[in-house]
Amino acid sequence: MQKLTLPPVDFSTALTKAISGIGNPQLRQEYTNAFAQAPAVEAEYCQGATGGNLYSYPRVDADSVADPIIHGTLRKSHLTKLYSQYFVPEKKPARHIYEAIKVTANGKCPLCGGVGHVRTLDHYLPKANFPLYSVLPANLVPCCRDCNSEKLNGFAAERAQQTLHPYFDHDRFFAQKWIHARVIPSSPPVLEYFVLPPAHWDDEDRSRAIAHFGEYGLGGKFSIEAAADIPETMQTRRTTMLDSSPQEFSMYLAEKGQTHSWPVNNWRRVMFTALASDVWFCSQDFA
């Protein structure tokens, strides 16, 4: 999981650019009038996100055929189209904002810890349920297609089940270790990832970490990555470290697990730490 800085553009600017792409002058004015107080909408969102209270914000039924009025005279369809028709398309004026937000993650999806590469933007509060925030930059998170599709329109109805917000959540979620792994002796070895937050975390933070891990299927994703990577470590044991003792091999793995260029909850860093502490794995010669 990766902490991100807020996008370098505010809600008013994003709205102005998106609205400028609307061909109908009357419709443009309707959007402009409805969002005369855009900074207040943005401030309310940021306050809720900082306090972990977005779960309590009013939502609309994503599956309903109704098209309710959401903000001013704008209906749900107006607000979702603002994103899909006037923010995302490549020839629209707001597209450069879309691209600017995408690059803030340096290509690595912050939701799955960089397993996937950024291909799109995810609405932290899904636009199907919370259309008011469809083009709010603070609600748009650069992510990979897998994370975007797995989340779909779901969002927690209670604070403890909210997934992590890369822009607003506390540094503890990104700087402290809460993802671990265990080795399952087999041929080839299998790594099983699990959540174990620090003991000093409160129950709510622990629940949120577990919710994020489950929502984005991190256990399966990380195990697949490890399965493709472990053979290289086994090859090292068979060759350059063939004459090393189990203790020396463990020290080698532990050192790799302290590589600070990888975030503390990065699947590879967690993998090496788990391998280093497993007596069975370090005792194998994998001949």
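Computed from a prediction, not measured in an experiment: that's the story for all the values here.
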Practice problem: Only counting residues at least two apart or in another chain, list the ones meeting salt bridge (charged side-chain N to carboxylate O under 4.0 Å, His left out) with Glu204. | Solution: Arg159
Mind checking side-chain hydrogen bond (donor to acceptor under 3.5 Å, both in side chains) for [X] and listing every partner two or more places apart, or none if nothing turns up?
X	answer
Gln235	Arg238
Asp61	none
Asn265	none
Ser77	Asp67

With hydrophobic residues grouped by side-chain heavy-atom distances under 4.5 Å, do [X] and [Y] end up in a single group?
X	Y	result
Ile19	Leu140	yes
Val183	Met241	yes
Met234	Ile224	no
Val264	Phe272	no
Leu253	Leu242	no

If we ignore hydrogens and angles and just use 3.5 Å, is the side chain of [X] paired with the main-chain N or O of [Y] as donor and acceptor?
X	Y	value
Ser56	Asn53	yes
Ser250	Pro246	no
Asp278	Ala274	no
Asp122	Val141	no
Glu248	Ser245	yes
Ser244	Phe249	no
His71	Ala34	yes
Thr259	Trp262	no
Lys102	Thr120	no
Gln162	Gly52	yes

Practice problem: Cation-pi check, Lys92 to Tyr86: give yes when NZ or CZ is under 6.0 Å from the six-membered ring centre and within 45° of the ring axis, no otherwise. | Solution: no
Verify the ring-centre separation between [Y] and [X]: is it less than 6.0 angstrom?
X	Y	answer
Phe130	His123	no
His212	Phe173	no
Tyr124	Phe155	yes

Is it true that atom [atom1] of [X] has more than 12 heavy atoms of other residues, nucleotides or ligands lying nearer than 6.0 Å?
X	atom1	value
Gln85	CD	yes
Lys17	NZ	no
Glu255	CD	no

Hey, what do you get for [atom1] ([X]) to [atom2] ([Y]), rounding to the nearest 0.5 Å?
X	Y	atom1	atom2	answer
Lys256	Leu275	NZ	CG	11.0 Å
Leu82	Ser134	CG	OG	5.0 Å
Tyr57	Asn129	OH	CG	15.5 Å

Practice problem: With sequence neighbours left out, write down each residue that passes side chain to side chain contact (heavy atoms under 4.5 Å, CB included) with Glu225, or none if nothing qualifies. | Solution: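 Once residues adjacent in sequence are excluded, the partners of Glu225 under the side chain to side chain contact (heavy atoms under 4.5 Å, CB included) criterion are Val115, Trp267.
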Quiz item: Do Glu215 and Thr163 have a side chain donor and acceptor closer than 3.5 Å?
Solution: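 Not at all, the side chains of Glu215 and Thr163 share no donor-acceptor pair under 3.5 Å.
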Practice problem: Ignoring hydrogens and angles, state whether a donor on the side chain of Thr13 or Asp10 is under 3.5 Å from an acceptor on the partner side chain. | Solution: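 Per modelled atom types, Thr13 and Asp10 side chains form a pair under 3.5 Å.
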Self-check item: Qualifying residues under ring-ring contact (aromatic ring centres under 6.0 Å, His included), relative to Tyr133, sequence neighbours excluded
Solution: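 Residues passing ring-ring contact (aromatic ring centres under 6.0 Å, His included) with Tyr133: Tyr45.
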Self-check item: Residues which pass ring-ring contact (aromatic ring centres under 6.0 Å, His included) with Tyr193, listed by chain and number, not counting sequence neighbours
Solution: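 Testing Tyr193 for ring-ring contact (aromatic ring centres under 6.0 Å, His included), a comparison that skips the adjacent residues, returns Phe222.
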Self-check item: Any pair counted as salt bridge (Lys or Arg N to Asp or Glu O under 4.0 Å), so long as it reaches residues 265-277, sequence neighbours left out
Solution: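 Qualifying pairs, neighbours excluded: Asp229-Arg268.
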Quiz item: Does any pair with a residue in residues 172-200 pass salt bridge (Lys or Arg N to Asp or Glu O under 4.0 Å), and if so which ones, sequence neighbours excluded?
Solution: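 Residue pairs with at least one partner in residues 172-200: Arg172-Asp205, Arg182-Glu192.
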Practice problem: Check Gln26 against Asn24 and note the closest heavy-atom contact, atom names and distance. | Solution: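 Residues Gln26 and Asn24, closest heavy atoms: N-OD1, 2.8 Å.
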Quiz prompt | ILVMFWY clustering at 4.5 Å (side-chain atoms), partners of Val190 | solution = Ile184
Quiz prompt | Residue pair Arg145, Cys109: steps toward the side-chain contact (heavy atoms from CB on, under 4.5 Å) verdict | solution = CA-CA 9 Å; Arg145 295 198 187 280; Cys109 177; over 6 Å; no
List, one per line, each side-chain donor-acceptor pair under 3.5 Å for residues 279-287, sequence neighbours excluded.
from: Ser283; atom 1: OG; to: Val279; atom 2: O; distance (Å): 2.7
from: Gln284; atom 1: NE2; to: Trp280; atom 2: O; distance (Å): 3.2
from: Asp285; atom 1: OD1; to: Ala287; atom 2: N; distance (Å): 3.2

Quiz item: Salt bridge between Asp169 and Lys3, side-chain N to carboxylate O under 4.0 Å?
Solution: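 No.
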Self-check item: side-chain contact (heavy atoms from CB on, under 4.5 Å) evaluation trace for Leu111 with Cys143
Solution: CA-CA 7 Å; Leu111 303 177; Cys143 71; 3.8 Å; yes
